[in-house]
Number of protein chains: 2
Amino acid sequence: MSPQAKETGTDSPQRPRVEGEREQEILDATLAILAEVGYDLLTMDKVAAAARASKATLYRRWKGKPELVIEALLAHKGEHPAPDTGTLRGDLIASFCGAGGMTDPQQMAIMGSLITAISRDADFAEVFRRDFIGPKAARTLQLFERARDRGEIDEDVDLEIVIPALPGILLHRQFLLGEEPTDDVITRVVDQVILPAVTR
Amino acid sequence: MSPQAKETGTDSPQRPRVEGEREQEILDATLAILAEVGYDLLTMDKVAAAARASKATLYRRWKGKPELVIEALLAHKGEHPAPDTGTLRGDLIASFCGAGGMTDPQQMAIMGSLITAISRDADFAEVFRRDFIGPKAARTLQLFERARDRGEIDEDVDLEIVIPALPGILLHRQFLLGEEPTDDVITRVVDQVILPAVTR
DNA sequence: TGATGGAACGGAACGGTTTCGTACCGTTCT
DNA sequence: AGAACGGTACGAAACCGTTCCGTTCCATCA
């Protein structure tokens, strides 16, 4: 290795090539492959072909497959601010039906593609839960806390149990029962399961 | 292929070697590997090594990996009759905490190992849902129908929504949140989510 | 302005490993 | 004896990580 300085340290852009746009294309291609075949069957060759990049480029930029996939996941977190419709019911339906919610096909495909991997790889699971699940859970928690402040939720309700119920029910219907989540199903689950659990 | 009859049809074993016990050992080994590494990374070599069988034997008996895995799943449905404690609450807790329930580690590992595969392979998904999920769902349905006959469930409750809620919540907590399902969690979910949904 | 050097790129190939499905053994049980 | 078994080995294919090559783009400088 040449003893070249690793970086200038300043903000002067010395590396104009794979700076932003091209890198994002590669990450998008990674997510597409991930959603299509799953983590275990995702190969660097497939990603390179889909992104029209060479494997050499991938390995110049990323250490390997886990690092590439994780960075692709983190770069994907599009801003989805929590809705504020004034009622818990409206917030839940808006949140889970909208962009990034349970009706987003690629979002759901990514979920399904990763469950097996995180069941086996503890390190992968930790990053996934912290950086992918965490923000979503925090947003949903916000909805419930606002509802509690408005008095919509009984005092003795254990939010730790109730909050994850909605995504759990919907994911189960999708993957185990094979039912595409529709707005109608989400509404029925909210009305018949979630709301009765918080207001008795 | 020779036009041989697929099987005798009777229970007379024409194949004395790999007939019953040995075959079950291979299927058990298949399930163990499946639970350990998942469907995509399960290989015939791993199964052969784990079962101390030769790959030739596997290919003599099964056509390939999908057939072997599916048959292993079907042969695994140990008889788990629905409990009858007299109350819906007792039945649910007994059913989901007991053998074959959500606290069975291998059962859960198999679930996680298959979700990615059934998200991609429609044929595999159909067999899995019909022969693996189906019996479990039917058993749970039986619990709810008995409870409804006893008057424990309001008339306007949509069982299609409520019944899959409990497994959904528990699976989500296990795989997405990384929480081992304990009897205590199952009880709290039943008391705080399921029962309020059926009796308002 | 025009030429030059360097860095990053795409494409291709490499060796080493893994998997699959099959074939060939010697052994064991009926 | 004969059939089925376990073990081994094989070729084909896929994958991984690396390393070539030739090209393209950019910054620098005459």
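Throughout, protein chains are lettered first and strands after them, A, B, ... in sequence-line order, and every chain is numbered starting at 1. As the structure is a prediction and not an experimental result, all values here were calculated from the model.
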Show which side-chain atoms of residues 162-172 of chain A pair as donor or acceptor with protein atoms under 3.5 Å away, not counting sequence neighbours.
none

OP1, OP2 of D:dC5 versus side-chain N and O of B:T57: anything below 4.0 Å? no
Pairs under 3.5 Å (N/O, protein and nucleotides 12-19 of chain D):
from	atom 1	to	atom 2	distance (Å)
D:dC15	OP1	A:K46	NZ	3.3
D:dC16	OP2	A:M44	N	3.1
D:dG17	OP2	A:Y59	OH	2.4
D:dG17	N7	A:K55	NZ	3.0
D:dG17	O6	A:K55	NZ	3.2

Would you say that B:R61 contacts B:E71 through its side chain, given a criterion of any heavy-atom pair below 4.5 Å between the two side chains? yes
Short side-chain N/O contact to D:dG6 OP1/OP2 from B:R22, under 4.0 Å: yes
Is there a donor-acceptor pair closer than 3.5 Å between any side-chain N or O of B:K65 and the backbone N or O of B:L42? yes
Which whole-number value in Å describes the distance from B:L68 CG to C:dT19 P? 15 Å
Rounded to whole Å, please give me the gap between CH2 in B:W62 and C1' in C:dT22. 18 Å
More than 12 non-hydrogen atoms from neighbouring residues, nucleotides or ligands closer than 6.0 Å to CD on B:E180, yes or no? no
Any side-chain heavy atom of B:V127 within less than 4.5 Å of one from B:L73? no
Is there side-chain contact between A:V37 and A:T43, with at least one heavy-atom pair below 4.5 Å? no
May I have the distance from B:R61 (atom CZ) to D:dC5 (atom P), rounded to whole angstrom? 10 Å
Pairing annotation in dot-bracket form, given for DNA chain D with Watson-Crick or G-U pairs under 3.5 Å and | for cross-strand partners: ||||||||||||||||||||||||||||||
Please determine, by modelled atom types, if B:T116 and B:S119 share a side-chain donor-acceptor pair under 3.5 angstrom. no
Contact between B:R22 and B:T57 at the side-chain level, heavy atoms closer than 4.5 Å - yes or no? no
